[in-house]
Asks: 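Submitted below is the structure of interest, expressed as structure tokens.
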Amino acid sequence: MTVAPEAETRPLPEGYVRLTIDGIEVDAPKGELLIRTAERMGITIPRFCDHPLLDPAGACRQCLVDVEMGGRPMPKPQASCTMTVADGMVVRTQRTSPVADKAQQGVMELLLINHPLDCPICDKGGECPLQNQALKHGRAESRFHDTKRTFAKPVPISSQVLLDRERCVLCQRCTRFSKQIAGDPFIELLERGALQQIGIGEQKPFQSYFSGNTIQICPVGALTSAAYRFRSRPFDLVSTPGQCEHCASGCEIRNDWRRGKVMRRLAGDDPEVNEEWICDKGRFAFRYATADDRITRPLVRENGELRPASWTEALQVAANGLAEARDAGGVGVLPGGRLTVEDAYAYSKFARVALRTNDIDYRARAHSAEELRFLESTVVGVTPATGVTYRDFESAPAVLCVAFEPEEESPIVFLRLRKAARKHQTKVFHLGAWSSPGVEKTTVIVHDGGPVRTGSLVPCVPGGEGAALRSLPSEVDDGLRQAGSVIVVGERAAEIPGLYSEVLRTAERTGARVAWIPRRAGERGAIEVGALPTLLPGGRPVADAAARAELERQWGLESGALPATSGRDLTGILTAAATGELAGLVVGGVDPNDLPDPALAARALQRADFVVSLELRPSAVTEHADVVLPIAPSVEKSGSYLNWEGRRREFRTTIEGTGALPDCRVLDTLAVELDADLFTQTPAAAAAELDRVGPHVGARLPAPDQPAAQAPSPGQGQAVLATWRQLLDNGSMQADEPNLAGTARRTVAVLAPRTAQRIGLGPAQLVEVRTAKGAVVLAAELAEMPDDVVWLPADSGSSKVHRTLGVGHGALVDIAATTPLPTAFGNGQAPAADGGASHLDGGRA
């Protein structure tokens, strides 16, 4: 090959090699796969098994290329997805090599021998790589005319994934994703030779939180969605980029819709956040927006009953009622943690300008004054440039998770932690009561050579996490002292006195950075816009007179118009309403059963003189609301979320023309009726004003410094309760998703064998967990954990911990073994041995 003189003298960067692909000389980093180098050059090599986020497999052989080394051609074409670049290598793809082209055509011919060629009815038809590449790289006629192999189809490998085995080309993308990325090896290659096929173990369905990704990356129609199968064709759909509204991960998604209805969701491609993955909740839980019970018209209570009303009437009634309540005793505002940044900003401004109060708190969950100080000092104002990011997990030598269950509370964080452990030897430690599935999959990585332990559980009794941080094992403490290490703390820390303070002290002692990861999508945005009793938009302290004056100028208010005293937190607001001190409530999609004291919330709603509810579907608040104002779901409005990193995740309207209004528009119009101007008529207007307001430039508020509490000591017949919410549970945004619900984890009580022995738990008995308020009865599952500890899912099946028991994580509960009753509480059904639960306090299951 003739090389230009300047190429001979061009220096080769360190760590690179120089090769030629299709006559073009290129420099590539050592170890890079040939197929990646070709991609960077704009040369497309057909492939099925290759995926940039999966380890090479060389299973399909469709990417064969002609390779020459040292002037000598290799005896046969090579798979470009498994071969790495080398200095002096000469590669010819199907574009320039008849040998490579013929080899690729032969492989395609083999793949189609048994393929059913059912493109007209296949869900993948129109977006199928096999279809596209058969047309581009296949032969017009096949030499094989024997009867094709057939299988019974479809095979439900889970309640939401169906398998058509005869379409499978054995690329192993699904099995590699499950084993490598998700850590769920439930799906595997079975049989050998011509009978080899994808399958699952007997009585072991594909129970993975990430199973939908295998549907998306399947290059043929072998894996299909039970919820989407035969519903539409790709060319019928309009695709709109979006952002997932379920958790704080901030995933990029794609909404595919037609005729005003979302038909399916796919993962978007964002290397900085979710890469190309989303959890099944984000993929499948979107039909709540079109549920039959959705509220589409305003409702006004008249003679004790809610009736439909016009927007004009409803807003006038709401304004009159709120004005009276504001003047009588004040109004508390509970926006909830699922709002967009723009909607949360409207609530924050509505509270201060229209209701003249700082009684606002978005934290519709367990919370504390210590947590509020932690958010003020450590979280507000943090951005990807100044805080921890997803990429920081991959480069961290050690990560310690405190009061945080990543797979359940932020699935994409879980995937990134697992990737960090698998690819970069990051040591992932968890401070908790037991090795849950998520803990196991981030601390033990299963490779082909066997399991490798990359981290560990630091066992501790619930409520004693703060004390455990003071005496960490040397392996954990040494790991955190290495540069770049991270401590991740979850929202559950608010239930443990002194834990946030101890996390900050541990970070100061070791030099580790701190990341706070809440569960809901709108929590970070709500902090930044001041949906808290002590913070104004931009993180301005309510108690800072200069900050208030600056905001008054920004908002065009008179000097001193903003209330100067800090407001009540959520529990304080509900307590004041329950005692008659507060006269009104404005509630934004909060479910009282999510609160730490649902009974207090019920009393507050009953006692309040006037309640306005902004919501999508009926809830426990609707039963007490005087005015119900319907609002738009995320697919019917535009806006943005802030993910846990502080990264802005903007999205535009997917379904236009429904007439549904975002919260910011409803509040803006309601404020006008109260003689106040919010200027939040649209999400764009609200976002523009928030940008003009800007962040607080003053000093941060001091961090909390509270002593860590000791773990409670259970007495005879008692245990310490551990609890958190599972990803798939009773959440209202999972409504109308029976296929998704079928993959939820079993509702069981987890306890140690010695604890089970102490309470006399027999093989046919259930576990009863009781407080003075009620009891939950569940099937038992034994695990290695501290003695006298019991774990319950917070809101799965009939296990509704806060509502039934009235306590949370770290509380003392009574525990006993009980025999299933022949009939259960009037419904003729015995408690399910596989995890069914029963309330003994008469509450609804």
Side-chain angles (χ1 to χ4, degrees), residues 326 329-335 337 341 344-363 367-383 386 491 493-494 497-498 500-501 503-504 514 516 518 523-577 581-582 586 642 646 676 678 689-690 692-707:
R326 177 190 63 194
V331 178
V333 181
L334 306 177
V341 173
Y345 175 69
Y347 277 96
S348 178
K349 191 172 182 182
F350 181 82
R352 273 73 186 223
V353 176
L355 299 179
R356 301 194 284 274
T357 182
N358 285 317
D359 288 338
I360 177 173
D361 193 348
Y362 79 88
R363 296 175 295 170
H367 53 278
S368 66
E370 182 192 16
E371 182 195 45
L372 187 55
R373 293 193 296 273
F374 174 81
L375 299 178
E376 295 169 342
S377 64
T378 309
V379 176
V380 68
V382 171
T383 68
T386 59
E491 63 182 35
Y500 281 117
S501 303
V503 164
L504 295 178
V514 175
W516 178 72
E523 298 226 1
R524 270 306 311 270
I527 296 169
E528 300 300 329
V529 302
L532 284 169
T534 58
L535 288 182
L536 297 169
R540 294 169 173 80
V542 165
D544 188 332
R548 293 197 310 274
E550 178 192 7
L551 192 59
E552 287 165 349
R553 290 192 297 272
Q554 293 274 6
W555 282 351
L557 303 176
E558 295 181 359
S559 178
L562 291 177
T565 57
S566 297
R568 304 173 176 90
D569 66 7
L570 184 138
T571 298
I573 291 171
L574 293 178
T575 302
E581 189 177 346
L582 273 180
V586 175
L642 280 187
L678 300 187
E689 181 173 284
L690 182 58
R692 288 194 299 272
V693 168
H696 179 51
V697 295
R700 283 185 174 272
L701 292 171
D705 189 15
Q706 184 173 327

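Note that the numbering runs from 1 along the sequence shown for the chain.
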Asks: Out of curiosity, Thr378 OG1 to Glu371 CD, how far, rounded to the nearest 0.5 Å?
Replies: 11.5 Å
Asks: Measure from the side-chain N and O atoms of Arg524 to the backbone N and O of Val382, and report whether any donor-acceptor pair falls under 3.5 Å.
Replies: yes
Asks: Mind jotting down which residue pairs meet the salt bridge (Lys or Arg N to Asp or Glu O under 4.0 Å) criterion with at least one end in residues 556-565? Sequence neighbours excluded, please.
Replies: none
Asks: What heavy-atom pair brings Tyr362 and Leu375 nearest, and what distance separates the two atoms?
Replies: OH-CD1, 4.0 Å
Asks: Tell me if a side-chain donor or acceptor on Glu552 pairs with a main-chain N or O of Gly560 at a distance below 3.5 Å.
Replies: yes
Asks: Would you please name every residue forming a side-chain contact (heavy atoms from CB on, under 4.5 Å) with Ala564, sequence neighbours left out?
Replies: Arg548
Asks: According to side-chain hydrogen bond (donor to acceptor under 3.5 Å, both in side chains), who are the partners of Arg568, at least two apart in sequence or on a separate chain?
Replies: Asp359, Glu581
Asks: Ignoring hydrogens, what is the shortest heavy-atom contact between Leu570 and Asp361? Give both atom names and the distance.
Replies: N-OD2, 2.9 Å
Asks: Please round to the nearest 0.5 Å and tell me the distance separating atom CG of Leu372 and atom OG1 of Thr534.
Replies: 3.5 Å
Asks: Mind checking whether Gln706 and Phe374 have side chains closer than 4.5 Å, heavy atoms only?
Replies: no
Asks: Using 0.5 Å steps for rounding, measure from the NZ atom of Lys349 to the CG atom of Leu557.
Replies: 7.5 Å
Asks: Is a side-chain N or O of His696 found less than 3.5 angstrom from the main chain of Leu535, in a donor-acceptor match?
Replies: no
Asks: Is a donor on one side and an acceptor on the other found under 3.5 Å between the side chain of Glu370 and the backbone of Pro704?
Replies: no
Asks: What are the two closest non-hydrogen atoms of Leu642 and Glu528, and how far apart are they?
Replies: CD1-CG, 3.3 Å
Asks: Would a 4.5 Å heavy-atom cut-off, applied to side chains only, mark Tyr347 and Val586 as touching?
Replies: yes
Asks: Less than 3.5 Å apart, which donor and acceptor atoms pair up between the side chains of residues 537-547 and the rest of the protein, not counting sequence neighbours?
Replies:
residue: Arg540; atom: NE; partner: Glu550; partner atom: OE1; Å: 3.2
residue: Arg540; atom: NH1; partner: Pro537; partner atom: O; Å: 2.8
residue: Arg540; atom: NH1; partner: Gly694; partner atom: O; Å: 2.8
residue: Arg540; atom: NH2; partner: Glu550; partner atom: OE2; Å: 3.1
residue: Arg540; atom: NH2; partner: Val693; partner atom: O; Å: 2.7
residue: Arg540; atom: NH2; partner: Gly694; partner atom: O; Å: 3.3
residue: Asp544; atom: OD1; partner: Ala546; partner atom: N; Å: 3.0
residue: Asp544; atom: OD1; partner: Ala547; partner atom: N; Å: 3.2

Asks: Report the C-alpha separation of Val331 and Leu582 in whole Å, then their side-chain angles, then the decisive distance to 0.1 Å, and conclude whether the side-chain contact (heavy atoms from CB on, under 4.5 Å) test is met.
Replies: CA-CA 6 Å; Val331 178; Leu582 273 180; 5.8 Å; no
Asks: Main chain of Ser368, side chain of Arg363: is a donor-acceptor contact present, judged purely on distance under 3.5 Å?
Replies: yes
Asks: What's the separation between atom CH2 in Trp555 and atom CD in Glu689, rounded to the nearest 0.5 Å?
Replies: 7.5 Å
Asks: Where do Pro518 and Glu523 come nearest, in terms of heavy atoms and distance?
Replies: CB-OE1, 3.6 Å
Asks: Which distance, rounded to the nearest 0.5 Å, do you find between the CD1 of Ile360 and the CG of Leu355?
Replies: 9.0 Å
Asks: Would you name the heavy atoms of Pro335 and Ala531 that are closest together and state the gap between them?
Replies: CG-CB, 4.4 Å
Asks: Locate the shortest heavy-atom distance separating Thr571 from His367; write the atom from each residue and the value.
Replies: OG1-NE2, 2.8 Å
Asks: Among residues at least two apart in sequence or on other chains, which ones pass side-chain hydrogen bond (donor to acceptor under 3.5 Å, both in side chains) with Arg352?
Replies: Ser348, Asn358
Asks: Donor-acceptor pair, distance only, cut-off 3.5 Å: does the side chain of Arg326 make one with the backbone of Thr357?
Replies: no
Asks: For Glu491, check salt bridge (Lys or Arg N to Asp or Glu O under 4.0 Å) against everything at least two apart and list the hits.
Replies: Arg365, Arg519
